Amino acid sequence: MNWKTDLKLSDLEPGTEIEIICKRCGLGRYETQAKLITEPGFNNLYLDQVEYSLCCSNRFCRGGVRISLLHEDKNEGFVGGMA
C-alpha cells in the first residue's frame with residue numbers, strides 16, 4: 001500500500017494542488033482538488049484511481065499520467081554558514 005491507495009480525493013483540502021505529468025510526452029499541468037472533484041464519479045475515488053482515470057491534456061498524445069501532491073512549505077530552509 002502507498003499514499004495513493006490510502007487517500008481519497010475527497011480527503012484532501014479543496015485548495016490542495018495536484019501536479020499531473022504525462023508519462024509519454026512529459027507535459028505537465030496543475031489542478032486543484034476542488035476542480036478534479038467536480039468531474040463525474042471522482043468524488044469517492046482513491047488517488048490511484050484518479051491517476052488511472054486521467055490522461056494527458058495534449059489532444060495528440062492522450063497518454064497515461066502520474067500525479068503528485070504539492071505541499072507549500074511555510075518554513076524556510078536553513079541557510080548554513082559561519083559568521
Side-chain angles (χ1 to χ4, degrees):
M1 297 198 105
N2 62 22
W3 63 275
K4 290 180 186 176
T5 57
D6 290 339
L7 281 175
K8 285 189 173 187
L9 186 60
S10 58
D11 293 340
L12 302 175
E13 296 291 324
T16 304
E17 288 191 336
I18 300 170
E19 182 181 38
I20 303 168
I21 304 288
C22 177
K23 293 185 215 176
R24 186 183 299 167
C25 72
L27 181 68
R29 70 181 194 268
Y30 298 95
E31 299 285 349
T32 61
Q33 181 268 4
K35 167 99 172 54
L36 287 176
I37 209 159
T38 60
E39 298 290 324
F42 275 35
N43 192 24
N44 290 322
L45 293 182
Y46 286 92
L47 291 179
D48 64 329
Q49 296 168 325
V50 171
E51 182 178 61
Y52 181 76
S53 300
L54 293 173
C55 63
C56 182
S57 59
N58 182 350
R59 65 182 177 151
F60 298 111
C61 177
R62 307 307 270 176
V65 297
R66 178 180 60 246
I67 65 171
S68 59
L69 298 179
L70 297 179
H71 299 284
E72 187 172 317
D73 190 11
K74 305 255 189 275
N75 300 327
E76 293 186 21
F78 173 74
V79 178
M82 296 184 68

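Nothing here was measured: the structure is a model prediction, and the numbers come from that model. Sequence positions, counted from 1, serve as the residue numbers for this chain.
Taking CZ from Arg29 and CD1 from Ile67, the interatomic distance works out to 10.5 Å, rounded to the nearest 0.5 Å. A distance of 10.5 Å separates OG1 in Thr32 from CG in Leu12, rounded to the nearest 0.5 Å.
Residues Trp3 and Val65 share a single hydrophobic cluster, defined by chaining ILVMFWY side chains whose heavy atoms lie under 4.5 Å apart.
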Contacts table for residues 18-27: side-chain donor-acceptor under 3.5 angstrom, sequence neighbours left out:
from  : atom 1 : to    : atom 2 : distance (Å)
Glu19 : OE1    : Ser68 : OG     : 3.0
Glu19 : OE2    : Tyr30 : OH     : 3.4
Arg24 : NH1    : Cys61 : O      : 2.8

Donor-acceptor contacts under 3.5 Å from residues 34-48 side chains, at least two apart:
from  : atom 1 : to    : atom 2 : distance (Å)
Thr38 : OG1    : Lys35 : O      : 2.6

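Under the rule for a salt bridge (Lys or Arg N to Asp or Glu O under 4.0 Å), Arg62 has no partner lying at least two apart in sequence or in another chain. For Glu51, the side chain to side chain donor-acceptor pair (under 3.5 Å) partners at least two apart in sequence or on another chain are Lys4.
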